[in-house]
Amino acid sequence: MLNTYSHGSVVSVDEQKWRDAQEFERAVWISGNQNNSFLRVVMKFVRALKKSPYYFFQLIKYRDFYAGDDWNFWWKDIFDNYKLLPNHFSKALEVGCGPYTNMRIISKLKKIDEIHCVDPLMDLYLSFKLNWLAVMARKGKVHTYTGKGEKLEFQDNTFDLVVCNNVLDHVEDANACLTEIHRVLQPGGYFVFGQDLSDERDLDKQREKAKGFFIGHPIKLHDQVLDRSLSGLYEEKMKKVLPREAGRNSRYHYGTYLFIGVKS
Ligand SMILES: C[S@@+](CC[C@H](N)C(=O)[O-])C[C@H]1O[C@@H](n2cnc3c(N)ncnc32)[C@H](O)[C@@H]1O
């Protein structure tokens with residue numbers, strides 16, 4: 001059963017659909033990380049140099065000597081180096097952090113006393129060699145949790161920063177995640193939220209041309225749906241919808257939602 005909203009949006013799915021998506025997700029990360037080695041890290045730099053000198057120098061500048069990156073530098077750039085955020089946070093949380101995380105970059109730009117990361121596939125990610133998350137967890141520098149955004153195991157008003165980039169199209173219930181994120185943020189705390197957007201035409205294309213992608217991304221969000229979900233909860237510091245051609249995957253997404261808000 002799907003709950004459908006305007007523009008073909010799918011805001012929540014049943015648990016089985018979410019589990020099917022997570023099977024897809026798990027397979028992607030295993031194939032990308034099961035043979036991690038120093039050679040792989042070196043290859044990341046070689047590939048970056050071939051792609052663009054800018055990206056190569058970003059890896060050097062951020063001392064990113066770890067395996068993998070899931071567009072985390074891209075999010076940094078479109079969030080303008082997270083310049084709108086204060087320079088210091090006490091307790092930060094990344095929801096749906098993935099194996100590579102955005103905290104890996106943000107924590108180089110901002111001083112963060114305590115970093116917490118939650119993901120349903122955390123146990124898998126911690127088993128990967130040479131990933132920032134696994135290395136930091138082993139050193140006791142990041143607190144990690146296996147869990148879902150729909151039910152965060154933290155008390156109200158715990159964090160002064162929550163980050164959630166490229167996650168909500170993977171979850172079971174997008175609005176439940178947004179409600180939980182708002183609950184665990186302190187008043188005055190910052191929410192950084194980046195999300196690919198889909199409309200009816202994108203859904204048709206995904207369904208016809210990219211079956212795996214369609215199953216792996218069960219939630220389909222339109223910017224108007226997100227506007228409604230976030231309305232009245234935050235003082236907006238940044239709210240942009242990037243056009244299709246400025247996004248990460250213009251074939252299947254008409255836009256990208258960028259939001260930085262302060263909990264009212
Ligand atoms: C495409 S990855 C992005 C990872 C990370 N945010 C990044 O930008 O590198 C999506 C992540 O969302 C996680 N995820 C799926 N369902 C979730 C849920 N219900 N709550 C929180 N995270 C979820 C997946 O396990 C996966 O790690």
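Heavy-atom basis, side chains included; hydrogens, waters and symmetry copies ignored. If you're wondering where the values come from, they're calculated on a predicted model, not measured in any experiment. When a ligand or atom number is given, it counts from 1 through the structure's own listing order.
If you number the atoms of ligand 1 from 1 as listed, the ones under 4.0 Å from a heavy atom of Y125 come out as 25 (O), 26 (C), 27 (O). For ligand 1, the atoms closer than 4.0 angstrom to any heavy atom of P120 are 14 (N), 16 (N), 17 (C), 18 (C), 21 (C), 22 (N), 23 (C), 25 (O). Close approach of ligand 1 to H170 (heavy-atom distance below 4.0 Å) involves ligand atoms 1 (C), 10 (C), 15 (C), 16 (N). Of all atoms in ligand 1, listed by their number and element, those nearer than 4.0 Å to a heavy atom of W18 are 15 (C), 16 (N), 17 (C), 19 (N). The atoms of ligand 1 that sit less than 4.0 Å from any heavy atom of G149 are 18 (C), 20 (N), 21 (C). For ligand 1 and K148, the ligand atoms under 4.0 Å from any heavy atom of the residue are 19 (N), 20 (N). Taking every heavy atom of E150 and a limit of under 4.0 angstrom, the matching atoms of ligand 1 come to 18 (C), 19 (N), 20 (N).
Only side-chain heavy atoms of N72 come within less than 4.0 Å of ligand 1; its backbone N, CA, C and O stay farther off. Contacts between C97 and ligand 1 below 4.0 angstrom, taking non-hydrogen atoms only, involve the backbone exclusively.
Using a 4.0 Å cut-off between a side-chain N of Lys or Arg and a carboxylate O of Asp or Glu, K44 and D69 do not qualify as a salt bridge. Ion pairing of K91 with D113 is absent here, as no side-chain N (NZ or NE/NH1/NH2) approaches a carboxylate O to less than 4.0 Å. Of the charged side-chain nitrogens involved, none lies within less than 4.0 Å of a carboxylate oxygen, so that K17 and E15 do not count as a salt-bridged pair. Using a 4.0 Å cut-off between charged nitrogen and carboxylate oxygen, D80 and K83 count as a salt-bridge pair.
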Subject >> Verdict with supporting geometry, L124 and I30, side-chain contact (heavy atoms from CB on, under 4.5 Å) >> reply: CA-CA 8 Å; L124 174 69; I30 289 177; 3.7 Å; yes

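Closest to atom 15 (C) of ligand 1 among all protein heavy atoms lies Q22 OE1, 3.2 Å. Nearest non-hydrogen protein atom to atom 8 (O) of ligand 1 is N102 ND2, 3.0 Å. Annotation: atom 25 (O) of ligand 1 to nearest protein heavy atom, D119 OD1, 2.7 Å. Protein heavy atom closest to atom 18 (C) of ligand 1, with residue, atom name and distance, is V171 CG1, 3.5 Å. Of the protein's non-hydrogen atoms, the one nearest atom 2 (S) of ligand 1 is E25 OE2, 3.3 Å. In terms of protein heavy atoms, atom 12 (O) of ligand 1 is closest to V167 CG1, 3.8 Å. G96 O, 3.4 Å is the protein heavy atom nearest to atom 4 (C) of ligand 1. In this structure, atom 3 (C) of ligand 1 lies nearest to the protein heavy atom N166 O, 3.3 Å.
Between the T158 side chain and the Q155 main chain, a donor and an acceptor come within less than 3.5 Å of each other.
Assignment of E94 to the shell around ligand 1 is supported, since a heavy atom sits closer than 4.0 Å. Using a 4.0 angstrom heavy-atom cutoff, W71 does not count as in contact with ligand 1.
Not one N or O of L121 is nearer than 3.5 Å to an N or O of ligand 1, by distance alone. Between W75 and ligand 1, a contact under 3.5 Å exists for no N or O pair. The distance criterion of under 3.5 Å between nitrogen or oxygen atoms is not met by W29 with respect to ligand 1.
Judged by distance alone, the side chains of Y62 and N72 never bring a donor and an acceptor atom under 3.5 Å apart. Y125 and W29 share a donor-acceptor pair across their side chains, judged by distance under 3.5 Å alone. Of the N and O atoms on the side chains of D196 and Y257, not one donor lies less than 3.5 Å from an acceptor on the other residue. Donor-acceptor pairing under 3.5 Å is recorded for the side chains of Y54 and D77. Between E180 and H182, the side chains place no donor N or O within less than 3.5 Å of an acceptor N or O (distance only, hydrogens not considered).
Taking every heavy atom of both residues into account, Y252 and S198 meet most closely at O-OG, 3.9 Å.
Each of K220, K209, R244 was compared with D202 under the salt bridge (charged side-chain N to carboxylate O under 4.0 Å, His left out) criterion, and only R244 meets it.
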